[in-house]
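Heads up, the thing below is written out as structure tokens.
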Amino acid sequence: MSNDTTATFDIGETTVDRLGFGGMRLCGEEIIGPPDNEETAREVVQTAVDSGVTFIDTADSYGPGVSERLIGEAIGDPEDVVVATKAGLLRNREGEWLAHGDPDYIRNQVLASRDRLRTETIDLYQFHRPDPDTPFEDSVSTFAELKDEGLVDQVGLSNVSVDQLETAREHVEIATVQNRYNVDDRSSRDVLEVCTDNDIGFIPWAPIDADDLATHGDLLDEIADEHDATRRQVALAWLLERSPVVLPIPGTSSPDHLESNLEARELSLPDEAVQRLTDAGR
């Protein structure tokens, strides 16, 4: 089986390479504040684009604001790269992630994100997490209004159930869903099925989480040895084989790790290896 036949996916009118880049790790420790070396962080982003990455994901809460700023400084607003960001989580100095889906807050955040990303229109704007203190439909309707007003081009969701996805689709076209999913964590398989059936991009966050990979480490290492690859490359290649709508976004602050992750695009897993990994998580 080869990834080449389904190497791209359309987000709106832009075709992107399915293996993207996640910008969370561009920040400091605990995803708070700037990294030790901002020049290296910008270099990682530029290297990703130079290496053919056309889909970059970030969020206003990464830093907060740091990841967006560094991405904007590194690449600006290239026409052939989809830069996705998110709103809906607050951060504090203790590192907590606090859901906040108030419409006024979202409207404020889109302006800040546009400035940091150096763009007039955000390519893909995602609701980061449903807020139990704000009606879900009120939050989603705000994203729909931002699209109508031209502040964002496409709307996505994150950390949602099938029911929430279907509710959102009644208010606005949903381009992508970003839920946790990887070799070990299959808790969002039902959401992935809906996305596959409706050609909605599915962005698995934590695609190569070290603890999850360790759960199936022996199997991953066995397959990696068979294909002269690494454990993480095999896990990414498996995700690309799961569905033609899957858009993994492995993140890193290291140019060397970035290069290694991107080599997963060239890894062709046989059906037998894909099935062994699929069965391991059931």
Side-chain angles (χ1 to χ4, degrees), residues 11 20-25 27 30-31 55-64 67-68 82-92 95-103 105-106 109-110 113 122-144 146-147 152 154-196 198 200-209 211-212 239 242-243 245-251 281:
I11 298 179
F21 173 76
M24 186 173 73
R25 298 294 173 190
C27 305
E30 303 298 328
I31 323 301
F55 180 54
I56 294 176
D57 177 81
T58 185
D60 60 14
S61 55
Y62 298 163
S67 177
E68 289 183 328
V82 169
V83 177
T85 193
K86 314 178 200 71
L89 285 182
L90 289 173
R91 301 302 308 283
N92 57 29
E96 294 178 288
W97 304 83
L98 307 172
H100 193 60
D102 178 77
Y105 174 74
I106 292 169
Q109 291 305 99
V110 74
S113 291
I122 293 176
D123 298 327
L124 173 62
Y125 203 41
Q126 304 157 96
F127 184 25
H128 208 155
R129 182 183 297 168
D131 176 5
D133 295 327
T134 303
F136 181 70
E137 293 184 57
D138 289 356
S139 300
V140 170
S141 294
T142 303
F143 280 78
L146 296 178
K147 181 178 180 180
V152 306
Q154 300 293 323
V155 171
L157 302 172
S158 185
N159 299 299
V160 294
S161 66
V162 168
D163 287 345
Q164 288 168 329
L165 170 56
E166 296 298 354
T167 296
R169 294 180 69 203
E170 296 174 2
H171 295 270
V172 64
E173 180 180 359
I174 299 299
T176 60
V177 173
Q178 184 169 162
N179 279 15
R180 196 175 198 277
Y181 189 87
N182 56 41
V183 167
D184 186 55
D185 188 340
R186 316 285 179 84
S187 56
S188 287
R189 64 164 56 89
D190 56 345
V191 178
L192 173 56
E193 290 174 0
V194 173
C195 289
T196 301
N198 292 276
I200 297 170
F202 182 88
I203 307 166
W205 64 264
I208 48 176
D209 178 84
D211 290 337
D212 287 324
L239 281 170
R242 289 297 290 143
S243 166
V245 306
V246 171
L247 307 163
I249 48 167

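A quick note: this is a predicted structure, and the numbers were derived from the prediction, not measured. Computation of the quantities below employed the complete heavy-atom set of this structure, encompassing side-chain atoms and omitting hydrogens, waters and symmetry-equivalent molecules.
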Checking F143 against L157 for the side chain to side chain contact (heavy atoms under 4.5 Å, CB included) test, could you report, in this order, the C-alpha distance in whole Å, the side-chain angles of both residues, the deciding distance, and whether it holds?
CA-CA 10 Å; F143 280 78; L157 302 172; over 6 Å; no

How about [X] and [Y]: do any of their side-chain heavy atoms sit closer than 4.5 Å?
X	Y	value
Y181	R186	yes
V155	E173	no
F202	T196	no

Can any side-chain N or O of [X] pair as donor or acceptor with the backbone N or O of [Y] at less than 3.5 Å?
X	Y	answer
D133	H100	no
N159	N179	no
S61	R91	no

Within a radius of less than 6.0 Å around CZ of R180, do more than 12 heavy atoms belonging to other residues, nucleotides or ligands occur?
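Yes.
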
Please verify the inter-ring angle class for W97 with Y62; under 30° counts as parallel, over 60° as perpendicular, anything in between as tilted.
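Perpendicular.
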
So among S188, S158, C195, which one has a side-chain contact (heavy atoms from CB on, under 4.5 Å) with V177?
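Looking at S188, S158, C195, the match for V177 under the side-chain contact (heavy atoms from CB on, under 4.5 Å) is C195.
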
Between [Y] and [X], do the side chains contain a donor N or O and an acceptor N or O under 3.5 Å apart?
X	Y	result
D185	S187	yes
T58	E68	no
N182	D209	no

Full working for side chain to side chain contact (heavy atoms under 4.5 Å, CB included) between Q178 and I249
CA-CA 10 Å; Q178 184 169 162; I249 48 167; 3.5 Å; yes

Heavy-atom pair with the smallest gap, counting every atom of [X] and [Y]:
X	Y	result
T134	G101	CG2-O, 3.5 Å
T85	A59	OG1-CA, 3.2 Å
D102	D131	N-OD2, 4.3 Å
G201	L247	CA-CD1, 4.2 Å
A87	Q109	CB-CB, 4.1 Å
V140	F127	CG2-CD2, 4.5 Å

Using side chain to side chain contact (heavy atoms under 4.5 Å, CB included), reason through Q154 and I174 one step at a time and then give a plain yes or no.
CA-CA 7 Å; Q154 300 293 323; I174 299 299; over 6 Å; no

CG of D57 to NZ of K86: how many Å apart, nearest 0.5 Å?
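It is 3.5 Å, given to the nearest 0.5 Å.
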
Let me confirm one number: the CD1-NZ distance from I122 to K147, rounded to the nearest 0.5 Å.
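So the gap between those two atoms works out to 14.0 Å.
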
Show, in sequence, the C-alpha distance, side-chain angles and deciding distance for Y105 and L90, and conclude whether the side chain to side chain contact (heavy atoms under 4.5 Å, CB included) test is met.
CA-CA 10 Å; Y105 174 74; L90 289 173; 3.2 Å; yes

Taking only residues two or more places apart in sequence, or in another chain, which ones meet E166 in a salt bridge (charged side-chain N to carboxylate O under 4.0 Å, His left out)?
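If we apply the salt bridge (charged side-chain N to carboxylate O under 4.0 Å, His left out) test to E166, skipping adjacent residues, the hits are R169.
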
